[in-house]
Amino acid sequence: MSAVSGFGKALVIITGASKGFGRALALSIAPRLAAGSALILAARSDDRLQELRADLSRGESGLTVRCVAADLGCQAGVDRVIDEIRDIHPDIHHLLLFNNAASLGDVSRYCHDFTDVDEVNSYLSLNVSSALCLTAGVLRALPQRTGLTRVIVNVSSLCALQPFPSWVLYCSGKAARDMMFRVLAEEEPDLRVLNYAPGPLDTDMQLQARSSSADDALRNSFSDMHAQGQLLTCEQSINKLIKVLLEDKYTSGAHLDFYDL
Amino acid sequence: MEDEIIPESRDLGRALCIITGASKGFGRTLAFQLSCLLKPRSVLMLVARTAEQLNQLKEDIITLYGGQNQLDVRCVQADLEKKDGVEKTVQAAKETSVSEMDHILLINNAASLGDVSRFAVTFTDPAEVNRYLSLNVSGALSLTAGVLQAFPRSLGLRRSVVNISSLCALKPFPSWVLYCTGKAARDMMFRVLAAEEPDVRVLSYAPGPLDTDMQLQARRSSGDLQLRRSFSSMFSEGQLLSCEESGAKLIKLLLDDDFQSGAHLDFYEL
């Protein structure tokens, strides 16, 4: 595989890898990794991770795939992912961390319904804190050195920039994440940080969006997109993401949207 | 330009005005500034974690008017990082007699800077980040939700929600990952609220660099050298704003009441 079409010998970490965008990403990235690479798949459900591992090992040789079933909202869960990378072969050229794990939150309710601090906290724990802490832990475990390119991808959304009625948790979480990764990009000039908004994907999350969104206009608009075949496949969106990463010309910390590319 | 018709004395009506983080800094100043714009028999509810400073503030406000302005000042000692703190505050708001109120004004001012002595790569403990977000994001959402639920939309009732924001909601500052993240989350949260509730007046106000304890912390502890120096020189060159100066602009916005709901407005752009 030529250097242009692949990531070389890499350590790739994907959170929320058991389904949707994360799973498709694992399947698209694997063939672009050179022998000796490692792919770490994190998610809460072990069964689906094992299934994905089986699917991956069918094609690839020389790729180490490790599954971590962990709740990234707590220290122990973050530590388990970090533990998996400690004995990774030291001569990798590329670190790619995809902070993909996310939940939509309860979109059937409006802001004025979120009176319970604990509910909001548990949402932010998974969607904001865990992404920061995992990123921090991984960067500390793999410090800067010559010949290593470290790439941190935040799977973002239009919701990081634009308020959607009845989506307060999702919008707040995505806005928080974008800012968090912008700060990281400012602080660590050697890192490559990308906030990628993948567009409206035909996933379980989108199904939840069109069936549960409290806001009528929003729900109808998602239903129309679905009915008119306007949702993107994960593969379509991932192809653009991979192209951006391989070209490596984006400004670190930028928010790039599928539709702007 | 058309001449503006400004009534001789303007006020914020007979209001229930709730200020969080009222014990010091900007919150304390706002409490004084707002107290003279509330009509008789309004309620000024001061919320903070420390009772002592709150009670002192209450006394100071009452002394200021010599009990002449019929303002009911109430102190609520509550930790808005916690569920029971938010519930206690909402409960206290419910206990005010609002049948004749014409304005509910909630100022979400409580905030912490977070540990700015460290960079993003050092934040490996989710419990630490969670605690920060609980006070600075979740607490503000849950309190706002609780207050709006307690005082639902009704004819003749004006409802205003202010988010004390920052330039940090828009611009990343190195070594300020918690603060920037929290402020960005809050701005978005209140934009969603504005989109959802057309009758609620929502404002994210960035007060500028204020000469407060938080600014002291910023120029002493910021991990980023350049940022620390820039805050230090703002201080030594007298470029920090007084809380009074910035508070006055916020109050003018509230009195004029013609801002676009959900907007982020900065002291320097006004």
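Lettering follows sequence order; numbering is per chain, from 1.
- Across all non-hydrogen atoms, the minimal contact from A:Ala136 to B:Thr122 is CB-N, 4.4 Å.
- Residues A:Gln206 and A:His226 bring no donor and acceptor atom of their side chains to less than 3.5 Å of each other.
- Shortest non-hydrogen contact noted between B:Ala145 and A:Cys111 is CB-O, 3.3 Å.
- For chain A, the nearby part of B:Leu148 is the side chain; its heavy atoms alone come within less than 4.5 Å.
- Contacts between B:Lys171 and chain A at a heavy-atom distance below 4.5 Å involve the backbone alone (N, CA, C, O).
- Neither the backbone nor the side chain of A:Glu119 comes within contact range of chain B, judged by heavy atoms closer than 4.5 Å.
- The only option from A:Ile152, A:Asn195, A:Val155 that meets the side chain to side chain contact (heavy atoms under 4.5 Å, CB included) definition with A:Asn99 turns out to be A:Ile152.
- Of the atoms belonging to B:Leu143, not a single heavy atom falls under 4.5 Å from chain A.
- Both the backbone and the side chain of A:Leu132 come within contact range of chain B, judged by heavy atoms closer than 4.5 Å.
- For chain A, the option among B:Leu133, B:Asp125, B:Leu178 with the highest count of heavy-atom pairs below 4.5 Å is B:Asp125.
- Contact annotation for B:Glu87: neither backbone nor side-chain heavy atoms come within less than 4.5 Å of a heavy atom of chain A.
- Here the side chain of A:Arg44 pairs no donor or acceptor atom with the backbone of A:Leu72 at under 3.5 angstrom.
- For the pair B:Arg159 and B:Phe151, the cation-pi criterion (under 6.0 Å, within 45° of the ring axis) is not fulfilled.
- In this structure, the portions of B:Val177 lying under 4.5 Å from any heavy atom of chain A include both its backbone and its side chain.
- Of the atoms belonging to A:Val78, it is side-chain heavy atoms, and not backbone ones, that fall under 4.5 Å from chain B.
- A:Arg140 touches chain B through its side chain: at least one heavy atom from C-beta onward sits under 4.5 Å away, while N, CA, C and O do not.
- Residue B:Phe173 touches chain A through its backbone alone, counting heavy-atom pairs closer than 4.5 Å.
- Ionic pairing of B:Arg158 and B:Asp199 is not present here: no N-O contact between side-chain nitrogen and carboxylate oxygen is shorter than 4.0 angstrom.
- Interface summary for chain B: among A:Gly253, A:Ser130, A:Ser125, the most heavy-atom pairs under 4.5 angstrom belong to A:Ser125.
- With a threshold of 4.5 angstrom between heavy atoms, A:Cys171 approaches chain B through its backbone and through its side chain.
- Heavy atoms closer than 4.5 Å to chain B are found in the backbone of A:Phe164, but not in its side chain.
- Applying the side chain to side chain contact (heavy atoms under 4.5 Å, CB included) test between B:Thr89 and each of B:Thr20, B:Asp79, B:Val47 identifies B:Val47 as the sole match.
- Look at A:Arg109 and B:Glu196 and you find no salt bridge, because none of the NZ, NE, NH1 or NH2 atoms lies under 4.0 Å from a carboxylate O.
- Electrostatic pairing of A:Asp87 and A:Arg66 counts as a salt bridge here, judged by a charged N lying under 4.0 Å from a carboxylate O.
- Under the 4.0 Å criterion applied to side-chain N and carboxylate O atoms, B:Asp115 and B:Arg118 are assigned as salt-bridge partners.
- Contact annotation for A:Ala160: only backbone heavy atoms (N, CA, C, O) come within less than 4.5 Å of a heavy atom of chain B.
- Contacts of B:Ala169 with chain A are made by backbone atoms alone, with heavy-atom separations under 4.5 Å and no side-chain atom involved.
- When each of A:Asp178, A:Asp118, A:Leu134, A:Asp116 is checked for heavy-atom pairs under 4.5 Å with chain B, A:Asp116 comes out on top.
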